[in-house]
Structures are given as structure tokens and as C-alpha cells.
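A short worksheet on the structure shown next.
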Amino acid sequence: MEHFYTLQGEGYHQGRAAYFIRLAGCDVGCVWCDVKESWDRSKHPDREVADLVSTVKQTPAEVVVITGGEPLMHQLDLLTAELQRAKLKTHIETSGAHPLSGSWDWICLSPKKFKPPLPDILPRANELKVVVFNKSDFGWAEQYAAQVSPACKLFLQPEWEKQHEITPLIVNYIKEHPQWELSLQLHKYINVP
Ligand code: SF4
């Protein structure tokens, strides 16, 4: 759908330079989705893997974040193998709702209520990032925190449109449950893609 060099705005790698490749297609259907234009894969052109890798290599990027849409609707073995062959770190942002493919240096699992993750990805996640839209999402987040590996980093992120209402709840929740950390969509505050 699009690709751009920017800063990672969310989660564990927040603030780091990263090249984003946003793949088209999503059938998860989050009501608050901020990239609904990604949902229809047929509205976006195919790209050659070699062209994408060469475009990334024209920048000093060390990390490539594959996002969407739901990137695991695509088979990602070739893309990630070529990125790693070019000495780039491969990160993914996924709901986990489709089978895991690809070779990953970092897996950020962001489960969605609208189409829950498949069980296989849970022990593979390096980072669990739960978007909090209402109070019941804290309990839902804990269900997944209980299923990821002990080393997995845990993040709670306010849904952007409800941030003024939800962020204070997250702050209080983290103070009571310090295994969690706050993730903010930094890129939206500093106006970068
Ligand atoms: S999984 Fe991501 S792209 Fe798909 S609907 Fe949800 S927020 Fe949007």
C-alpha cells in the first residue's frame, strides 16, 4: 500500500528510525482502525520484492517494519529472507489472525477482539501491544499476557480518538500492574507518518 522511512512511534522500539512497508489487505475489521484504506487489497498494486529491498537500501535504515493492513494475509518468507540477506532487521506488527510466515527479528503481536490471534504466534511474540478502547480491554489484555513467553514485553496503548479518557486509566493500571508499560502513538504527536 505504501512504504516510507520514519521513526517507529509505538511500543518497545519507539523512537528508533525504521523503514515501514505497509501491506494491503485486512479482514480483521477493527471499528477504530486508522488505516481502513488498507483493507481492500485489490485497490493497491503489486510490488517486486527486489525493488522494495533496493528502495530501503537507498536509506540508512537498519530496521524494516512490515505492517498493514494485516501483513500475515501475505506469505512473507521471500520478502523477509531478502530483507535479512540485505542485512536489515525484520520486524512485524500483526494481529496474529492469520498463520505466521516469514523470518523475524522482532514480532509485535497486537491482538484484536474482532478476529483473535491464532494460538501458534503467542509464544513467538517479542512484544504484546494491546490497544485499549474501553475498560474491559484490561482484562482482555491479561488473557493474552498469560499466554505469551515470560520474556515478552507488555504494552498498553490508548486508542487514539479516546486517548484523553483512556490514558489516565492506563496510567493507573500500570501503577498497579508494573509488568505493563505505556505505548503512545508518538508519530501522531510529532506529525510524521
Ligand atoms: S488489524 Fe490493523 S489494519 Fe486491520 S482493521 Fe485492525 S487496526 Fe485496521
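Whatever order the structure lists them in is the order used to number ligands and atoms, beginning at 1.
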>> For Y19 and Y5, take the angle between the two ring planes, folded into 0 to 90°, and tell me which bin it lands in: parallel under 30, tilted 30 to 60, perpendicular over 60.
In response: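 Because their plane-to-plane angle is under 30°, the rings of Y19 and Y5 count as parallel.
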> Parallel under 30°, tilted from 30 to 60°, perpendicular over 60°: which one fits the rings of Y189 and W160?
Replying inline: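 Because their plane-to-plane angle is over 60°, the rings of Y189 and W160 count as perpendicular.
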> Salt bridge or not for E82 and R85, using N-O below 4.0 Å?
Replying inline: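 Yes, this pair counts.
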> Any salt bridge between R41 and D27, counting N to O under 4.0 Å?
Replying inline: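 Salt bridge absent between R41 and D27.
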> What atoms of ligand 1 come within less than 4.0 Å of a heavy atom belonging to W39?
Replying inline: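 Those atoms are 5 (S), 8 (Fe).
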> Partners of E10 by salt bridge (charged side-chain N to carboxylate O under 4.0 Å, His left out), sequence neighbours excluded?
Replying inline: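 Scan of E10 (salt bridge (charged side-chain N to carboxylate O under 4.0 Å, His left out), adjacent residues dropped) gives K129.
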>> Tell me which pairs pass ring pair (Phe, Tyr, Trp, His ring centres under 6.0 Å) where either residue lies in residues 134-154, with sequence neighbours left out.
In response: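 Pairs touching residues 134-154 that pass the test: F138-Y173, W140-Y144.
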>> My understanding is that only residues two or more places apart in sequence, or in another chain, count here; which of them pass side-chain hydrogen bond (donor to acceptor under 3.5 Å, both in side chains) with Y12?
In response: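 Testing Y12 for side-chain hydrogen bond (donor to acceptor under 3.5 Å, both in side chains), a comparison that skips the adjacent residues, returns none.
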>> Just to confirm my output: which protein heavy-atom neighbour is closest to atom 2 (Fe) of ligand 1, and how far is it?
In response: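 Looking at atom 2 (Fe) of ligand 1, the protein heavy atom closest to it is G69 O, 4.1 Å.
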> Do any protein N, O or S atoms sit under 2.8 Å from atom 6 (Fe) of ligand 1, and which ones are they?
Replying inline: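 Result, waters dropped: C30 SG.
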